[in-house]
Amino acid sequence: MKNNEWLLENLQVKSTVFHIGKYCGSWQGSTAGQGKSSYHIVMEGDCWLHLGSESPPALLHTGDVVFILRDCPFILSAHRERSAAQRAPVTKMHVLPHNDPTGTALTCGFLTFHSVISQMILSFLPEVIILKNQDDHSGSIKKITDVIHQEAQRGVLSSERVISSLAEILLFIGIRQYLQQTTLDTPLNNIKMAPEFLNLFAEIILFPTKDWSVVNMAAAVGMSRSWFIQRFNTVSAIPPAEMVCQLRISLARQQIENGKSLQQAAELVGYQSQAAFNRAFQRVTGLTPGRYRQQYLRSED
């Protein structure tokens, strides 16, 4: 599955509008802590996006869009300095249109990913994707955000439905742009595409510690054990148990790269025995987990 177009083809998302309005003076706003993905469209003015303490602030201009794909700490504010942004009051938005050329008008909303396949795809993507209007040479982002701005000023229920639909289009544009600029390493890169088993792959990736016996995999896709093995063998060059092993080891590699200990990585992907994990890891990657971590750390220096 190295052609990442399948990500866009299988992503299902539902957008809703949270609030629309204009901040003036000293302000801060955030949807962090609600356990939801969100989007934030700058319709007028500028503002600063503050993410983690180690990330520099990002200046957002009119027409820029931020997607917070996983709930993480962030602040949108009029202030460049993080300390000033954190001290700024959480003020009420002014209703559009509001005549203050120094203010920042925003449309903010939430994104819901219902299917297990969509949740898996979400786990492959970064926490934050930013669409910069100035980088869009086709002009499509500006056209969409201009329509959102017009609809936002109407203030009727039908406008919220239009805005939600357009926000979903912007999300797909943002993800496509990210995929064009980034080589995405997913646990499915070395697994042959099998649409009828994609939901099963997603379940294994999201819940690797479950008991993924052949019987349980067959039950997950609504097949008998014998029919599952027969169908799986027609679309895959490796048996089901080996597929589970490869997915788990791919996830373990990511855990090691993210700083987890070897024992933590093993447990997080479903291995209770360190010896069994070491054997499986070396068989799949050609390296022991410890050797893999050493090579990864050297490559990051």
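Partners of Asp46 under the side chain to side chain donor-acceptor pair (under 3.5 Å) rule, at least two apart in sequence or in another chain, are His61. In this structure Phe197 satisfies the ring pair (Phe, Tyr, Trp, His ring centres under 6.0 Å) test together with Phe228, Phe232, sequence neighbours excluded. For Ala32, the side-chain contact (heavy atoms from CB on, under 4.5 Å) partners are Ser30, Asp71, Phe74, not counting sequence neighbours. In this structure, the salt bridge (charged side-chain N to carboxylate O under 4.0 Å, His left out) partners of Arg154, at least two apart in sequence or on a different chain, are Glu151. Under the side chain to side chain donor-acceptor pair (under 3.5 Å) criterion, Ser138 pairs with Asp136, Ser140, not counting sequence neighbours.
With Ser55 contributing its side chain and Leu51 its backbone, the two residues share no donor-acceptor pair below 3.5 Å. A donor-acceptor contact shorter than 3.5 Å is absent between the side chain of Ser250 and the backbone of Gln246. Counting only distance, with no hydrogens or angles, the side chain of Gln264 and the backbone of Ser261 share a donor-acceptor pair below 3.5 Å. The main-chain N or O of Gly29 is never found under 3.5 Å from a side-chain atom of Tyr23 such that the two would form a donor-acceptor pair. The main-chain N or O of Ser38 is never found under 3.5 Å from a side-chain atom of Thr31 such that the two would form a donor-acceptor pair. A side-chain donor-acceptor contact under 3.5 Å links Gln119 to the backbone of His114. Checked by atom type and distance alone, the side chain of Lys22 pairs as donor or acceptor with a backbone atom of Asp100 at under 3.5 Å. Remark: side-chain polar atoms of Asn10 are paired, donor with acceptor, to backbone N or O of Trp6 under 3.5 angstrom. No side-chain donor-acceptor contact under 3.5 Å links Gln28 to the backbone of Ile75. Within the 3.5 Å criterion, the main-chain N or O of Val215 finds no donor-acceptor partner in the side chain of Arg225.
Taken to the nearest 0.5 Å, the CD1 atom of Ile121 stands 12.0 Å off from the CG atom of Leu69. Taken to the nearest 0.5 Å, the NE2 atom of His94 stands 11.5 Å off from the CG atom of Asn99. Between Ile117 atom CD1 and Glu9 atom CD the span is 12.0 Å, to the nearest 0.5 Å. For the atom pair CD1 (Ile20) and CE (Met43), the distance works out to 6.0 Å, reported to the nearest 0.5 Å. Between Ile144 atom CD1 and Leu166 atom CG the span is 6.5 Å, to the nearest 0.5 Å. In this structure, CG on Asp185 lies 6.5 Å from CD on Gln254, to the nearest 0.5 angstrom.
At a threshold of 4.5 Å between side-chain heavy atoms, the hydrophobic network of Ile, Leu, Val, Met, Phe, Trp and Tyr places Phe67 and Leu49 in two separate groups. Cluster membership check: Val116 shares its hydrophobic cluster with Leu122, using side-chain heavy-atom separations under 4.5 Å among Ile, Leu, Val, Met, Phe, Trp and Tyr. Hydrophobic cluster membership is shared by Val162 and Val13, with clusters built from Ile, Leu, Val, Met, Phe, Trp and Tyr side chains linked at under 4.5 angstrom. When the side chains of ILVMFWY residues are joined at heavy-atom separations under 4.5 Å, either directly or via intervening members, Ile229 and Ile204 end up in a single hydrophobic cluster. Linking Ile, Leu, Val, Met, Phe, Trp and Tyr whenever their side-chain heavy atoms come within less than 4.5 Å leaves Val284 and Leu268 in two separate clusters.
Annotation for Lys260 and Ala265: closest pair CB-N, 4.4 Å, computed over non-hydrogen atoms. Contact detail for Ala85 and His79: the closest heavy-atom pair is N-CB, 3.8 Å.
Within 6.0 Å of CZ on Arg70 lie more than 12 heavy atoms contributed by other residues, nucleotides or ligands. Residue-environment remark: CD (Gln263) stays at or below the threshold of 12 foreign heavy atoms within 6.0 Å.
Salt bridge annotation for Arg283-Glu242: present, with a cationic side-chain nitrogen under 4.0 angstrom from a carboxylate oxygen.
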Give every donor-acceptor pair under 3.5 Å between a side-chain atom in residues 168-184 and any protein atom, sequence neighbours left out.
| unit_1 | atom_1 | unit_2 | atom_2 | d |
| --- | --- | --- | --- | --- |
| Glu168 | OE2 | Ser15 | N | 2.8 |
| Thr182 | OG1 | Tyr178 | O | 3.1 |

For this session: Show the numbers, then the answer: is there a side-chain contact (heavy atoms from CB on, under 4.5 Å) between Ile130 and Leu60?
Result: CA-CA 9 Å; Ile130 300 176; Leu60 304 176; 4.1 Å; yes
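For the 3.5 Å distance criterion, the side chains of Arg231 and Thr234 qualify, holding a donor opposite an acceptor. Between the side chains of Tyr292 and Arg253, a donor-acceptor pair is found at a separation under 3.5 Å.
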